[in-house]
Amino acid sequence: MNSTLPLTAPGQVTLVGAGPGDPELLTLKAVRAIGAATVLLVDDLVNDAVLEHASPRARIVHVGKRGGCKSTPQSFIEKLMIQAAQEGEVVVRLKGGDPFIFGRGGEEVEHLQAAGIPVTVVNGITAGLAALSSLNVPLTHREHAHGVVFVTGHAKPGDSGTDWAALAHCAREARLTLVIYMGVSSAAAIQAGLLQGLPAATPTAIVQRASLPQQRHAGCTLDQLVETLQAERLGSPSILVVGDVVSGLAQLRQPAGARQVA
Ligand code: SAH
């Protein structure tokens, strides 16, 4: 079982969460695994600064695959990992945030295990956690929310995707904060769906490039989400947060013409 495996070893793959961007948010385990790697396969949301922990002799392969942009097919990345491990390399797969939160880490583990490659996983700080912490706002606050939902705005091809209206009803009834990943390009559908179950005035926040020096955010109400993304020129990668926990940020928003972005 995994628990008996070392963190890294020749012939083994370690999936490592590189965190949301700030290299100081790496775990000590991540730093140790990166330093031990002879081959690193790196996603495009990983800050290059984390590669300073890599050995100068390590082979670094960038395998970014952002939606719609130039991409390395997932099957090719999996083949590369398997091949490098079979050649006896110490393989580290560096993924943005946490490898098991919308990072396709689960699929990679399944493929590696099917090929008989031992694999270990190192958690990272997921972007949805970093987004609000950087603004001193909690995702749960007992005055405002009983829990939190991490949800994707980007469905796999062939999948009808999230039922936003159902989720909105659930969030309202159960007092849940919604943390939406990959939601920028489908913001109009998300806004329309959520408005079927949540009030128009529900506080909403957009946090772009959380934890990085380029971080920007805006607060608004749910019915202003699309308008705010456009007006403030906020794009991907961003986390959208919907719920009363961000009411302090929503209040910061000024009427049209006097908008404020941090
Ligand atoms: N495994 C990653 C998520 C991968 S999905 C994690 O745990 O964070 C990619 C999405 O994550 C982006 O579209 C965006 O919604 C979000 N994201 C990743 N890094 C981000 C950052 N620094 N700031 C805001 N959103 C980010």
Side-chain angles (χ1 to χ4, degrees), residues 14-27 29-30 41-50 62-72 74 77 92-109 121-137 139 148-157 159 161-162 164 177-191 194 204-219 225-226 228-229 232-242 246 249 261-262:
T14 309
L15 256 63
V16 175
D22 177 351
E24 291 196 336
L25 290 176
L26 281 175
T27 64
K29 255 190 180 179
L41 300 168
V42 184
D43 265 358
D44 58 7
L45 277 180
V46 172
N47 187 344
D48 276 347
V50 309
H62 288 273
V63 290
K65 49 177 178 49
R66 299 289 302 280
C69 303
K70 76 175 162 61
S71 65
T72 311
Q74 183 68 17
I77 297 171
V92 162
R93 171 82 172 104
L94 261 179
K95 302 178 76 72
D98 184 88
F100 279 171
I101 299 287
F102 307 126
R104 299 179 78 167
E107 292 167 45
E108 294 182 8
V109 165
V121 180
V122 177
N123 285 122
I125 294 181
T126 187
L129 287 182
L132 288 193
S133 302
S134 62
L135 302 171
N136 289 349
V137 176
L139 281 177
V148 54
V149 177
F150 289 168
V151 57
T152 175
H154 180 81
K156 184 176 148 196
D159 179 333
T162 305
W164 297 105
T177 305
L178 302 181
V179 177
I180 305 167
Y181 291 67
M182 294 174 276
V184 172
S185 57
S186 45
I190 293 171
Q191 175 178 324
L194 290 179
T204 298
I206 305 151
V207 186
Q208 178 181 292
R209 299 197 184 283
S211 86
L212 289 162
Q214 307 85 349
Q215 174 170 334
R216 295 169 66 231
H217 75 273
L225 171 61
V226 173
T228 306
L229 279 164
E232 310 298 359
R233 297 176 190 278
L234 288 163
S236 192
S238 287
I239 290 287
L240 313 178
V241 185
V242 179
V246 292
L249 299 175
V261 169

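Atoms within a ligand are numbered from 1 in the order they appear, just like the ligands themselves.
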Novice: At less than 4.0 angstrom from any non-hydrogen atom of F102, what atoms of ligand 1 do you find?
Specialist: 4 (C), 5 (S)
Novice: Sequence neighbours left out, what passes side chain to side chain donor-acceptor pair (under 3.5 Å) with S238? Give chain and number order.
Specialist: none
Novice: Would you please determine whether K95 falls within less than 4.0 Å of ligand 1 on a heavy-atom basis?
Specialist: no
Novice: In a table with atom names and distances, give each donor-acceptor pair under 3.5 Å that connects a side chain of residues 177-191 to protein atoms at least two apart or in another chain.
Specialist:
| unit_1 | atom_1 | unit_2 | atom_2 | d |
| --- | --- | --- | --- | --- |
| T177 | OG1 | L139 | O | 2.8 |
| Y181 | OH | T126 | OG1 | 2.6 |
| Y181 | OH | G128 | N | 3.0 |
| S186 | OG | G153 | O | 2.8 |
| Q191 | OE1 | L225 | N | 3.4 |
| Q191 | OE1 | V226 | N | 2.9 |
| Q191 | NE2 | D223 | O | 3.0 |

Novice: Looking only at heavy atoms, is any part of M182 under 4.0 Å from ligand 1, and if so is it the side chain, the backbone, or both, or is it neither?
Specialist: both
Novice: Before signing off on this row, confirm whether P20 and ligand 1 have an N or O atom pair separated by under 3.5 Å.
Specialist: yes
Novice: Give a yes/no on ligand 1: does S211 have at least one heavy atom closer than 4.0 angstrom to it?
Specialist: no
Novice: Below 4.0 Å from any atom of ligand 1, is there a heavy atom belonging to G96?
Specialist: yes
Novice: Give yes or no for whether the N/O distance cutoff of 3.5 Å, strictly under, is met between P99 and ligand 1.
Specialist: no
Novice: Judging by distance only, is a nitrogen or oxygen of A127 under 3.5 angstrom from one on ligand 1?
Specialist: yes
Novice: What atoms of ligand 1 come within less than 4.0 Å of a heavy atom belonging to L45?
Specialist: 9 (C), 18 (C)
Novice: Do any nitrogen or oxygen atoms of S238 come within less than 3.5 Å of a nitrogen or oxygen of ligand 1?
Specialist: yes
Novice: Could you tell me which atoms of ligand 1, counted from 1 in the order shown, lie closer than 4.0 angstrom to a heavy atom of V207?
Specialist: 24 (C)
Novice: I'd like to know if E232 and R216 make a salt bridge, using a cut-off of under 4.0 Å between side-chain N and carboxylate O.
Specialist: no
